[in-house]
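Below: the structure, in structure tokens.
These numbers were taken from a predicted model, which means no experiment stands behind them. In what follows, chains are A, B, ... by sequence order, proteins preceding strands, each numbered from 1. Both backbone and side-chain heavy atoms feed into the values below; hydrogens, waters and symmetry mates do not.
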Amino acid sequence: MSFLVAAALAVGLFVVLPAAAHLLRRGRAAELPFAPAAWVPLARSIARRERRLEDRLLLLLRALAVLALAALGAAPLASCSRLSLSRGSGGSVALALVLDDSLSMHAATKGGASRWERAKGGAVELLSSAREGDSVGIVLSGKPARVLLAPTTDLAVAREALADANPSDRASDLPAAVALARGLISDATQADRRVVVLSDFAGPPPAEGTPPIWAPLPELSEPAADCGIVSAERRGPHVTVTLACSVPEALRGRSLELIGAKGTSVEPGAGTRSIDISSGKPLATLAPSPRAGVQVVTLSTDSNEKMLAVRLTGSDDLARDDLAAVAPDSAALGVAVVADPTRGSGDTGGAPLLEQAIRALDRDVLVRPLGLLPEDAAELDRYALFVLDDPSGMGPEPRRALTDWIEKGGIALAFLGRAAERMQLGSTLEPFVQGSVSFRESPPPGRIDARSLLFLGPEAGALAELEVRGRAVFDDASPAGVKTTARFADGTPFLVERTLRRGTTFSVALPSSIAESDFALNPAFVALLDHVISEAEKRRGRRHTTAGSSFGFGGVKPEVLGPEGAVTLQDTPEGPQASAAIRGFYRVSIDQREELRSVAIEANEITDVPKPRASGAFGGARAASNPTVDVSNETALVLLLLLGLELIVRVRRSVFA
Amino acid sequence: MATSRAQPKTALGLDWGELAPLRLRARTAADGAWSGLHRSVRRGAGVEFAGHRAYVPGDDLRWLDRHALMRHGALMLREFETETDRTLRLLVDASGSMAFRGTRGRGAKLAYAAVIALALAWISTHEGDRVALDWLGSGTARPLPGMGGSEAFERVALALEHAQPEGVLTSDDDLTRALVPIERNARRGSLVAVLSDLVDLPDTALERLAGLGHRGRSLVVVQVLDPDELDFPYEGPVRLRALEGDRVVDTDASAVRGAYLEELARRQREWQTRLGARGARLIVASTADEPGEVVRRILVAFRGGAR
């Protein structure tokens with residue numbers, strides 16, 4: 001507060017003057033001596049009572065007038081707690097609101113309201129100060145950062161969009177959200193462009209840029225003591241629980257309980273339910289050691305319940321993360337691998353290199369080696385990816401089963417090698433390649449063009465140094481839907497993709513065996529596996545993911561029921577997808593079968609400490625928009641009204657006197 | 001709204017105002033009023049018929065006029081004039097309420113009463129009569145027995161000069177203490193002048209003071225009031241504080257002025273009626289009035305009342 005503001009507000013101290021004058025006046029009247037006072041009627045007259053009421057009314061009016069005068073003096077200078085857009089030049093403003101809808105925004109502030117409620121309230125206040133000609137865009141910073149409302153000058157639409165915004169259990173991606181917000185207004189016609197961030201600033205800070213951001217609500221970054229369950233996964237009788245705490249005190253005296261998830265807020269249902277699940281005996285209990293950061297603990301149970309949940313007893317500043325769904329055994333992405341251990345293993349033995357490479361990706365997948373090729377498509381229903389290494393052809397039953405499974409959305413990957421030349425009669429490599437496949441032991445002339453494999457990332461560059469002793473050669477031109485993604489230098493195919501209805505096959509002209517090439521030791525090999533697994537996730541969807549991720553269904557349009565009711569599907573180039581913003585179980589109904597998927601949260605949403613920053617911390621002069629509300633006109637009107645009221649009271653008094 | 005110019009000065013002394021010096025003001029008043037009005041007369045047993053008056057209980061039945069009773073059916077007493085030696089007994093109210101002085105009074109009510117009393121004493125002593133002084137309400141002022149001559153005047157003057165308005169006269173005991181010396185020592189033919197505002201007196205005061213008019217004594221009660229007490233000039237909301245006791249009245253002066261004046265008039269009528277029945281007179285004096293005029297009215301009253 002500047003000296004001028006203080007001086008102007010100090011005028012308000014003169015409010016005591018009317019009161020003092022009133023008291024002094026009353027005092028003189030009280031001290032009038034009069035000997036025959038006993039002969040004067042004792043009763044207070046009605047006029048006196050009315051006069052006294054009028055006196056008090058006059059006193060109130062005069063006191064308010066003095067206060068209004070002081071406010072009028074300070075109005076252009078004083079700050080107001082209500083957010084508003086100041087207009088230095090008086091022109092219209094392009095405003096990009098970044099609203100944090102991540103999990104940490106559920107924490108309560110000192111005022112009792114949650115951070116989300118305060119942030120949303122601040123956004124509403126800002127919108128209320130917008131006027132015709134201003135454009136408003138809204139970006140939600142929960143991962144992935146997304147545009148809730150493209151810039152519009154229709155403020156009513158902006159208010160509606162803001163009213164419909166809800167918090168989620170997503171992680172925060174503030175840098176991306178701020179970049180998105182800057183992009184939204186970069187082409188705005190308004191010269192005055194502003195990015196307002198209503199967030200707790202937990203997590204990576206946004207990058208500096210133009211326009212600088214304005215964070216008008218520092219109270220959102222007040223620290224909160226929180227301990228929550230990041231994820232829980234079941235592996236047989238064991239439930240592995242990942243806990244995260246911002247401070248050790250948040251976990252002190254609390255215990256972890258394994259319970260049935262029915263009736264809790266993580267169960268798929270028609271609406272929000274209470275987290276109170278005190279009924280029923282816990283299946284297992286554990287008291288984790290109180291410490292900040294992430295820790296993993298294990299609970300054991302022999303329960304056959306399909307839906308389990310873990311909860312933290314006691315309370316902290318954020319109750320929403322004290323309950324989590326336990327991802328079932330089958331939640332991980334199933335990968336079936338058919339590989340010959342004698343050829344696919346290294347010299348040290350053990351699992352085939354292919355399996356080791358898939359596990360080394362540290363993806364949430366469940367690798368299952370298969371000894372024989374499946375002869376029924378139903379055997380592959382539990383898998384999203386089928387990987388075949390150096391096959392020697394497939395008979396009619398496995399071929400039909402594999403084709404049926406792929407056409408329903410399966411992803412199959414085949415590494416073709418020397419065995420392809422030894423196919424038995426009646427066996428082919430359908431559905432991977434059509435026609436005959438030969439194996440050439442001569443090294444390819446030149447290198448693989450890595451530019452066609454950019455989707456593998458920087459690892460694709462390593463293919464230029466590939467040592468190859470032999471390779472499979474096949475025809476890639478005949479069937480429709482075949483796309484050669486990469487070729488050797490002599491033009492023979494290296495990687496071929498074939499689309500079969502909702503599924504895809506990938507055929508690689510090199511086996512995983514290190515006897516034929518060092519491809520299995522090349523970084524591009526792992527990158528290729530990672531790419532294929534990602535494709536499988538897109539088609540079949542991950543069974544266990546984090547809030548904010550999307551489920552894919554391989555082109556079909558299922559019904560999805562989440563913890564807060566039915567989930568609306570979004571049409572994407574990869575087919576319909578469901579965005580899981582809330583943690584818990586999601587029941588997906590596809591082709592008359594149901595599967596259960598679970599959604600957890602990210603640990604850094606709990607462990608990242610909010611970083612308080614001053615209002616306009618990124619400020620240049622324009623960014624540090626002072627939330628000043630010039631209420632001079634309103635104050636002057638109030639003052640005028642008070643003076644008018646006093647005049648009326650005085651006239652009335654004189655008339656009725 | 002009128003306001004009091006002077007606060008009661010019970011602690012700092014009496015507010016004499018224009019009435020000081022007392023002796024000069026008293027002589028001036030006496031000179032202006034005394035023009036042979038004073039006659040040493042009394043009504044009662046004697047030889048020269050002075051008229052009739054209504055019988056009141058306690059009168060001597062020897063003077064009952066049976067002719068008037070038979071003719072008019074009313075009990076009447078015959079009165080006669082006779083010359084006798086007289087003593088003027090001054091009964092001055094020095095209670096707290098006598099300290100009041102409004103905006104228009106010449107001085108405090110006690111100061112005004114002192115001027116009147118001393119003027120009467122001056123006239124009396126110059127006629128060769130005796131003067132006695134008694135007090136109502138004051139606990140410190142000492143009474144003076146009946147005495148004559150210039151020394152009597154000086155002693156009365158001295159006593160009046162040092163009078164302080166103080167005390168409260170609310171109990172019958174206080175009243176009895178003040179009246180017993182007069183009832184005991186005032187003989188037939190004595191003149192009794194009571195100077196008081198008649199405010200905050202005990203309920204029996206009227207009856208007891210009227211009783212001083214018995215036994216051949218002439219009684220004149222002078223009600224000394226400030227002009228503010230006579231016309232209640234205040235306006236608007238006022239808080240009135242009595243000078244005796246702790247009574248405080250919050251009221252709207254404009255609204256209650258009529259009620260107050262009516263109450264004042266009712267009390268004065270009651271005094272006049274009760275005193276008149278005993279052959280006494282009530283004179284209402286304002287402290288704004290010329291003291292000589294008031295003295296003259298008292299002398300007239302004494303003469304008219306002496307039967």
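Across all their heavy atoms, A/W39 and B/V199 have their closest contact at CH2-CG2, 3.7 Å. Here the closest heavy-atom approach between residue B/A242 and residue A/A35 is recorded as CB-O, 4.2 Å. Considering all non-hydrogen atoms of both residues, B/F100 and A/P33 come closest at CE1-O, 3.4 Å. Across all non-hydrogen atoms, the minimal contact from A/P41 to B/V249 is O-CG1, 3.3 Å.
In this structure, B/R239 CZ and A/L32 CG are separated by 11.5 Å, a value rounded to the nearest 0.5 Å.
In this structure, chain A has a heavy atom under 4.5 Å from the side chain of B/R267, while its backbone stays farther away. Looking at B/E229, both its backbone and its side chain come within 4.5 Å of chain A, counting heavy atoms on both sides. Neither the backbone nor the side chain of B/L225 comes within less than 4.5 Å of any heavy atom in chain A.
Screening B/D250, B/T251, B/V238 for a side-chain contact (heavy atoms from CB on, under 4.5 Å) with A/V40, the sole residue that qualifies is B/T251.
At most 12 non-hydrogen atoms from other residues, nucleotides or ligands lie less than 6.0 angstrom from CD of B/E262.
Residues A/F34 and B/Y260 meet the side-chain proximity criterion, which asks for heavy atoms closer than 4.5 Å.
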